[in-house]
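This is a predicted model, so every value here is computed, not measured. Chain identifiers are assigned alphabetically (A, B, ...) following the order of the sequence lines, protein sequences preceding nucleic acid strands; residue numbering begins at 1 within each chain.
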Number of protein chains: 2
Amino acid sequence: MLTEEIIEKKIEPDCDCSITGSINIISGKWKPFIIWTLLSGSRRFGELHKVIHGIALKVLSRHLKELEADGIINRKVYAEVPPKVEYTLTEKGMSLNDVLQLLAEWDKKHKVTK
Amino acid sequence: MLTEEIIEKKIEPDCDCSITGSINIISGKWKPFIIWTLLSGSRRFGELHKVIHGIALKVLSRHLKELEADGIINRKVYAEVPPKVEYTLTEKGMSLNDVLQLLAEWDKKHKVTK
DNA sequence: CAGGATCCAAGACGATACTG
DNA sequence: CAGTATCGTCTTGGATCCTG
């Protein structure tokens with residue numbers, strides 16, 4: 001029955017397993033690193049590009065946009081020449097700290113990371 | 001300073017941000033649901049297919065294989081006709097409960113899930 | 001400097017048909 | 001029943017060149 005409803009609404013049930021939102025936010029090859037990096041303070045685009053080595057410009061750019069759209073980070077543009085843009089975590093973004101922390105602990109505990 | 005070092009090592013720092021392992025395990029469009037479902041007891045392939053409505057056979061099959069490879073679930077085959085296969089969470093799999101729980105809480109708190 | 005535009009490759013997801 | 005095989009589509013990540 002409940003199953004039927006789900007079929008009708010064709011949805012991920014609204015039981016406590018609604019995790020999709022949070023997972024979507026942090027999954028993306030580099031997103032956790034971006035967030036983690038910003039936890040220690042705001043950074044400029046170029047800084048992120050250097051710190052998170054290996055990430056393609058385009059990908060960094062898109063990830064930042066998505067994180068901004070998700071309300072995780074703020075983007076401040078300084079009207080200067082040359083241009084300067086700073087990315088900062090929002091409150092919501094900061095709150096991801098616990099989540100990332102737990103994931104990291106679980107990782108370490110189970111030696112998942114190679 | 002810390003930043004400089006990270007730049008030098010140009011790595012996903014081996015700091016506590018090593019989250020990739022745990023994220024890889026639970027990310028996959030339906031994996032959280034599979035795990036969540038199995039938290040209430042073992043299920044057969046067909047049962048999972050019905051409960052987790054909308055998932056393609058192929059995808060369910062692959063997800064199960066991956067979860068098994070990751071040591072999250074066990075696959076028991078009963079030598080019967082017709083065939084019967086049961087999937088059960090391992091200890092490691094059970095331990096993901098806390099993680100999923102936190103993700104769900106964060107989700108709810110920030111009304112991320114639409 | 002901060003990105004947008006393009007083009008590509010790989011993989012993830014999906015639907016249907018078929019088999020031991 | 002429990003999948004595999006096949007084929008197609010969409011999304012992600014990546015490399016390079018270009019611009020306000």
Side-chain angles (χ1 to χ4, degrees), chain A residues 6-7 9-12 19-21 23-35 37-38 42-70 72-88, chain B residues 3 7 10-12 19-21 23-35 37-38 42-70 72-88 114:
Chain A
I6 295 176
I7 294 179
K9 298 184 181 176
K10 51 148 60 169
I11 309 204
E12 311 156 359
I19 300 174
T20 21
I23 286 193
N24 283 339
I25 288 181
I26 57 178
S27 70
K29 188 168 178 182
W30 310 92
K31 284 185 186 174
F33 293 106
I34 295 177
I35 298 171
T37 302
L38 291 180
S42 45
R43 298 295 175 95
R44 299 179 57 175
F45 187 86
E47 290 178 327
L48 287 171
H49 187 220
K50 280 171 198 157
V51 175
I52 305 172
H53 199 88
I55 189 172
L57 278 181
K58 177 187 162 189
V59 178
L60 174 57
S61 175
R62 206 192 58 229
H63 279 186
L64 288 172
K65 274 185 193 167
E66 292 173 356
L67 289 173
E68 191 189 359
D70 289 330
I72 303 303
I73 61 177
N74 279 320
R75 182 170 178 274
K76 289 182 205 162
V77 184
Y78 295 81
E80 302 176 359
V81 176
K84 177 179 172 182
V85 178
E86 276 203 343
Y87 292 92
T88 316
Chain B
T3 306
I7 293 178
K10 53 151 54 172
I11 311 213
E12 312 165 352
I19 300 174
T20 21
I23 285 193
N24 284 338
I25 288 181
I26 57 178
S27 70
K29 188 167 176 181
W30 309 92
K31 284 185 186 174
F33 294 105
I34 295 176
I35 298 171
T37 302
L38 291 180
S42 45
R43 298 294 175 93
R44 299 178 57 175
F45 186 87
E47 292 178 326
L48 287 171
H49 187 221
K50 279 171 199 156
V51 175
I52 306 172
H53 199 88
I55 189 172
L57 276 182
K58 179 185 160 188
V59 177
L60 174 58
S61 174
R62 206 192 59 228
H63 279 185
L64 287 172
K65 274 185 192 167
E66 292 173 356
L67 289 172
E68 190 189 0
D70 288 330
I72 304 301
I73 62 177
N74 279 320
R75 182 170 178 273
K76 290 181 206 164
V77 184
Y78 295 81
E80 301 175 0
V81 176
K84 178 180 172 182
V85 179
E86 276 203 342
Y87 293 92
T88 315
K114 42 190 175 313

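Comparing the start and finish of the helix from C:dC1-D:dG20 to C:dG20-D:dC1, five pairs each, the helix axis swings through 50°, to the nearest 10 degrees.
If B:Glu66 and A:Val77 are placed on DNA chain C by their nearest nucleotide, the residue sitting closer to the 5' end is A:Val77.
Between A:Val59 and A:Lys29 there is no side-chain heavy-atom pair separated by less than 4.5 Å. Under the 4.5 Å side-chain criterion, counting only non-hydrogen atoms from C-beta, B:Phe33 is not in contact with B:Ile55. Considering only heavy atoms from C-beta on, A:Asp70 stays 4.5 Å or farther from A:Asn24 through its side chain. In this structure the side chain of B:Arg75 never reaches within 4.5 angstrom of the side chain of B:Ile73, judged on heavy atoms. Here the side chains of A:Trp30 and A:Leu60 are not in contact, with every heavy-atom distance at 4.5 Å or above. Residues A:Leu48 and A:Leu64 have side chains in contact (heavy-atom distance under 4.5 Å, counting atoms from C-beta outward).
One finds no side-chain N or O of A:Arg62 lying less than 4.0 angstrom from the OP1 or OP2 phosphate oxygen of D:dT12. The side chain of B:His63 places an N or O atom within less than 4.0 Å of a non-bridging phosphate oxygen (OP1 or OP2) of C:dC13. Close to C:dG4, at under 4.0 Å from its OP1 or OP2, lies a side-chain N or O of A:Ser61. Close to D:dC1, at under 4.0 Å from its OP1 or OP2, lies no side-chain N or O of B:Arg44.
The structure places CZ of B:Arg62 at 7.5 Å from NZ of B:Lys31, a figure rounded to the nearest 0.5 Å. Taking CZ of B:Arg43 as the reference point, atom NE2 of B:His49 lies at 14.5 Å (rounded to 0.5 Å). Remark: B:Ile25 CD1 to B:Glu66 CD distance equals 10.5 Å, nearest 0.5 Å. Here CD of B:Glu68 is found 14.5 Å from NE2 of B:His63. Values are rounded to the nearest 0.5 Å.
C:dG11 atom P lies 14 Å from atom NZ of B:Lys31, rounded to whole Å. Spacing between atom CD of B:Glu80 and atom C1' of D:dA2 amounts to 13 Å, rounded to whole angstrom units. Rounded to whole angstrom, the span from the CZ atom of A:Arg43 across to the P atom of C:dA2 amounts to 13 Å. One interatomic measurement links the two molecules: CZ of B:Phe45 to P of D:dG3, which rounds to 5 Å at whole-angstrom precision. One atom, CD1 of A:Ile34, and another, C1' of C:dA2, lie 15 Å apart when rounded to the nearest Å. Distance A:Glu47 CD to C:dG3 P: 12 Å, rounded to the nearest Å. Here C:dA5 presents its C1' atom at 17 Å from CG of A:Leu60, a figure rounded to the nearest Å. Between the NZ atom of A:Lys76 and the C1' atom of C:dA2 there is a distance of 17 Å, rounded to whole Å.
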Between protein and nucleotides 14-17 of chain C, what N or O pairs are separated by less than 3.5 Å?
unit_1	atom_1	unit_2	atom_2	d
C:dG14	OP1	B:Lys29	NZ	2.6
C:dG14	OP2	B:Trp30	NE1	2.9
C:dG14	O6	B:Lys58	NZ	2.3

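Side-chain atoms of A:Tyr87 lie closest to C:dG3 of the nucleotides C:dG3, C:dC13, D:dG13. Among the nucleotides D:dA2, D:dC1, C:dC1, the one closest to any side-chain atom of A:Pro82 is C:dC1.
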